[in-house]
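In what follows, a structure is listed as structure tokens, so that the remarks can point back to it.
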Number of protein chains: 2
Amino acid sequence: MATRPPLSTRLPLVDLSEVCPVRDVMDPIAGKWAMLLLDALAEHPYRFAELRRLVPDISQRMLSQTLRTLQRDGYIERRVFPTKPPGVEYRLTPLGHSLYQALVPALNWAEENHQTIRDARRQFDAETAEAMDPLDA
Amino acid sequence: MATRPPLSTRLPLVDLSEVCPVRDVMDPIAGKWAMLLLDALAEHPYRFAELRRLVPDISQRMLSQTLRTLQRDGYIERRVFPTKPPGVEYRLTPLGHSLYQALVPALNWAEENHQTIRDARRQFDAETAEAMDPLDA
DNA sequence: CCGTATCCGCCGAGATACTG
DNA sequence: CAGTATCTCGGCGGATACGG
């Protein structure tokens with residue numbers, strides 16, 4: 001029958017990153033560590049090992065990788081000092097500071113409303129459990 | 001310039017959701033669709049099928065699932081109308097509107113700086129490619 | 001019309017070991 | 001000190017089929 005390319009091999013109809021700027025911009029900083037690093041660098045430049053200490057549970061691999069994507073998007077700048085042994089410093093660019101400022105309201109909101117949300121979750125879970133198991137009426 | 005208190009307290013492995021409220025709050029809305037749905041519902045309540053049309057490339061499964069997690073955190077309310085066939089309307093709660101307001105600066109920033117970031121990416125990729133393949137010096 | 005159940009590919013992220 | 005290379009695994013999210 002009429003030959004049609006398999007669905008899986010067809011390219012998207014439009015460039016989604018073009019259609020939805022918000023997702024294109026937010027995706028790289030929505031990972032597990034990006035915001036933490038932006039927050040750490042917001043006030044002060046840091047070296048690689050210092051960032052490891054500031055975020056103790058990040059792996060070397062994810063620290064390196066996250067820093068590079070932040071650098072790629074223009075949020076941080078990487079400076080190498082040819083000392084012995086070499087040192088590398090990371091600092092926010094003006095664009096990075098600008099992003100951080102735009103994030104501040106959301107970050108503050110999260111902290112202010114954290115307990116409210118936890119309560120909402122507990123209540124929701126209790127209600128749905130009750131609906132499935134109506135013993136505890 | 002608004003410097004916030006540290007995002008990550010450096011207490012070791014206790015309950016991370018307790019230690020890092022920002023991650024606990026932001027994680028559920030950092031998914032692929034949550035922000036889009038919040039944005040759609042910010043102005044006007046919608047029914048399930050209407051949301052499908054508004055966000056054409058979302059699957060039924062992810063729409064249902066995302067709406068449920070938003071409801072669980074208390075951002076949206078679900079109203080069932082026993083019509084024939086049944087209709088379900090979703091609308092933002094006051095908490096949901098409050099969250100959305102806190103997100104607005106970040107959303108606007110993303111749109112305003114989208115092109116700048118795309119340019120930064122292109123330049124970064126070009127430089128790293130050049131570094132690996134120094135033919136075009 | 002409004003979902004849930006199941007199967008599955010992909011990728012983010014951890015652990016570990018190795019280079020300059 | 002500041003990374004990369006490789007392996008691995010769990011979970012997000014897509015496709016499809018079925019239920020109320």
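All chains are named by letter (A, B, ...) in the order of the sequence lines, taking the proteins before the strands, and each is independently numbered beginning at 1. Keep in mind that what you see is a predicted model, and the values were worked out from it rather than measured.
Between the OH atom of A:Y46 and the P atom of D:dG3 there is a distance of 17 Å, rounded to whole Å. C:dT4 atom C1' lies 14 Å from atom CG of B:L67, rounded to whole Å. Between B:L63 atom CG and D:dG13 atom P there is a gap of 13 Å when expressed in whole angstrom units. The nearest whole Å value for the distance from the CD atom in B:E89 to the P atom in C:dC1 is 16 Å.
Each end of the helix from C:dC1-D:dG20 to C:dG20-D:dC1 gets its own axis, taken as the rotation carrying the C1' atoms of four end pairs onto the next four within a five-pair window, and the two axes meet at 40° to the nearest 10 degrees.
Residues B:L63 and B:W33 are not in side-chain contact: their nearest non-hydrogen atoms beyond the backbone lie 4.5 Å or more apart. Between B:Y100 and B:L107 there is a side-chain heavy-atom pair separated by less than 4.5 Å. Annotation: side chain of A:M26 is in contact with side chain of A:I29 (closest heavy-atom distance under 4.5 Å).
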Summarise how protein sits on nucleotides 5-20 of chain C as a single string, 5' to 3': B when a protein heavy atom is under 4.0 Å from the base, S for sugar-phosphate-only contact, - for no contact.
BB------BBB-----
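Listed pair B:S64 / C:dT4 meets the phosphate criterion, a side-chain N or O lying under 4.0 Å from OP1 or OP2. Checking the phosphate oxygens (OP1, OP2) of C:dG3, a side-chain nitrogen or oxygen of B:Y90 falls inside 4.0 Å. Put simply, A:R78 has a side-chain N or O that comes within less than 4.0 Å of OP1 or OP2 on D:dG3. For D:dG3, neither phosphate oxygen OP1 nor OP2 lies less than 4.0 angstrom from any side-chain nitrogen or oxygen of A:R68.
The CG atom of A:L37 sits 9.5 Å away from the CG atom of A:L54 when rounded to the nearest 0.5 Å.
The backbone N or O of A:T66 sits less than 3.5 Å from a side-chain atom of A:T69, completing a donor-acceptor pair. Proximity of a side-chain donor or acceptor of B:T128 to a complementary backbone N or O of B:F124 within less than 3.5 Å is detected.
Both B:V80 and B:Y90 are part of a single hydrophobic cluster, where members link through side-chain heavy atoms under 4.5 Å apart. At a threshold of 4.5 Å between side-chain heavy atoms, the hydrophobic network of Ile, Leu, Val, Met, Phe, Trp and Tyr places B:L92 and B:V88 in one connected group.
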I'd like to know whether A:D119 forms a side-chain hydrogen bond (donor to acceptor under 3.5 Å, both in side chains) with A:Q115, so could you lay out the CA-CA distance, the side-chain angles of the two residues, the decisive distance to 0.1 Å, and finally the verdict.
CA-CA 6 Å; A:D119 293 345; A:Q115 194 53 51; 3.1 Å; yes
